[in-house]
Amino acid sequence: FLKYLQEEISEVSYLKSFNFRDKKDGWNNELILSYELRNNDKKNFIKAQKSSYMRAFLLNLSLRKSCNCCPFTTSHRISDITIGDFWWYEKDKRLKNDSKGLSVVLLNSAKGESLFSEVQESFKYVQKSNTKIAINGNMPLRMPFAAHKNSIQFFNNLDKMSLSENVKNCIEDSSDCAVINFWWSLN
């Protein structure tokens, strides 16, 4: 992320805030990044598909090796509370959607239920839904993410080229390589 900021955000030394999911136009299929600088009040917006950092993230190029074999990617959690994006929420017709995105909160223990009841009043609204919908729509509650086939190449080249060039090479399966051989014979 720091490499991305240094290469693609020209005024990185003035960075005040960075938001990976700006909802200025609501929550939709297009992820918008935004950032603010200390030297002005203007918000800057970037479409995720134009960001080399987000392209690497969304294509699982930049996942740590531990993410690919995470033992905690099941619906049986050892934590008291699990919080994440509520994908597939539209399958439960009872849920209200303000187009700002819905979060799923799974209460995994009595302690989690107690803690949630203490803070529940501070939320705009809390809705109950079918846990199966949340689990089926959220892959990390079922299995680890698969690594991109070029993720090793991505990490090997991280310090050798710019982030955008590295991502482009990994996505396009391109290489800067040539096979040279001196062939000579008496003909």
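Counting begins at 1 with the first residue of the sequence. For clarity, every value in this text was computed on a predicted model and none was experimentally measured.
- Closest approach of F155 to S62, counting heavy atoms only: CZ-O, 3.6 Å.
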**OP:** Let me see the working for N68 and L63 under side-chain contact (heavy atoms from CB on, under 4.5 Å), right down to the final yes or no.
**Re:** CA-CA 8 Å; N68 309 133; L63 284 181; 3.8 Å; yes

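- Note that the CH2 atom of W87 and the OH atom of Y89 stand 9.0 Å from one another [nearest 0.5 Å].
- Remark: K160 NZ to E165 CD distance equals 12.5 Å, nearest 0.5 Å.
- Between the R142 side chain and the N136 main chain, a donor and an acceptor come within less than 3.5 Å of each other.
- Note on L2 and M161: separate hydrophobic clusters, where clusters join Ile, Leu, Val, Met, Phe, Trp and Tyr whose side-chain heavy atoms are under 4.5 Å apart, directly or indirectly.
- The closest side-chain heavy-atom distance from M54 to L33 is below 4.5 Å.
- A donor atom on one side chain and an acceptor atom on the other are found under 3.5 Å apart for S17 and E36.
- Environment of CG in L58: crowded, with over 12 heavy atoms of neighbouring residues, nucleotides or ligands closer than 6.0 Å.
- With sequence neighbours left out, the ring pair (Phe, Tyr, Trp, His ring centres under 6.0 Å) criterion links F18 to F1, F20.
- The number of heavy atoms from other shown groups lying within 6.0 Å of CD (Q49) is above 12.
- The OG atom of S162 sits 10.5 Å away from the CG atom of L158 when rounded to the nearest 0.5 Å.
- Within a 6.0 Å radius of NZ in K3, more than 12 heavy atoms belonging to other residues, nucleotides or ligands are found.
- With sequence neighbours left out, N108 forms a side chain to side chain contact (heavy atoms under 4.5 Å, CB included) with R77, S79, T82, L106.
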**OP:** Please assess Y35 against N19 for the test side-chain contact (heavy atoms from CB on, under 4.5 Å), listing each intermediate value before the final yes or no.
**Re:** CA-CA 6 Å; Y35 64 94; N19 183 343; over 6 Å; no

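- Here the closest non-hydrogen pair linking K96 and Q127 is N-OE1, 2.5 Å.
- The closest side-chain heavy-atom distance from N138 to F86 is not below 4.5 Å.
- With hydrophobic clusters built from ILVMFWY side chains whose heavy atoms lie under 4.5 angstrom apart, L95 shares a cluster with Y125.
- Side chain of D85 to main chain of V104: no donor-acceptor pair is present (N/O by atom type, distance under 3.5 Å, no hydrogens or angles).
- Partner of S52 under the side chain to side chain contact (heavy atoms under 4.5 Å, CB included) criterion, out of I171, L61, N166, V167: V167 alone.
- Here the side chains of N156 and Q153 are not in contact, with every heavy-atom distance at 4.5 Å or above.
- For the pair A134 and L141, the tightest heavy-atom approach, listed with the atom from each and the gap, is O-CD1, 3.9 Å.
- Around OH of Y14, the count of heavy atoms belonging to other residues, nucleotides or ligands within 6.0 Å does not exceed 12.
- Nearest heavy-atom pair across S164 and E7 is N-OE1, 4.3 Å.
- Note that CG of N157 is 6.5 Å distant from SG of C170, once rounded to the nearest 0.5 Å.
- In this view, K50 and I46, K47 satisfy the side chain to side chain contact (heavy atoms under 4.5 Å, CB included) rule, not counting sequence neighbours.
- For CZ of F57, the number of neighbouring non-hydrogen atoms (other residues, nucleotides, ligands) closer than 6.0 Å is 12 at most.
- Of all the heavy atoms in S34 and D22, the pair that sits closest is OG-OD2, 2.7 Å.
- The line from CG of L163 to NZ of K168 is 14.0 Å long, rounded to the nearest 0.5 Å.
- Nearest heavy-atom pair across P144 and C67 is CB-O, 3.3 Å.
- Remark: I81 engages I83, V105, L107, L115 in a side chain to side chain contact (heavy atoms under 4.5 Å, CB included) (not counting sequence neighbours).
- K91 pairs by the salt bridge (charged side-chain N to carboxylate O under 4.0 Å, His left out) definition with nothing, not counting sequence neighbours.
- In this structure, CZ on F154 lies 10.5 Å from CG on L59, to the nearest 0.5 angstrom.
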Subject >> Worked check of side-chain contact (heavy atoms from CB on, under 4.5 Å) between T73 and F145 >> reply: CA-CA 9 Å; T73 53; F145 284 106; over 6 Å; no

**OP:** Check the pair Y4, Q6 against side-chain contact (heavy atoms from CB on, under 4.5 Å), reporting the backbone distance first and the verdict last.
**Re:** CA-CA 6 Å; Y4 165 72; Q6 291 168 340; over 6 Å; no

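- Under the ring pair (Phe, Tyr, Trp, His ring centres under 6.0 Å) criterion, F72 pairs with no residue at all, not counting sequence neighbours.
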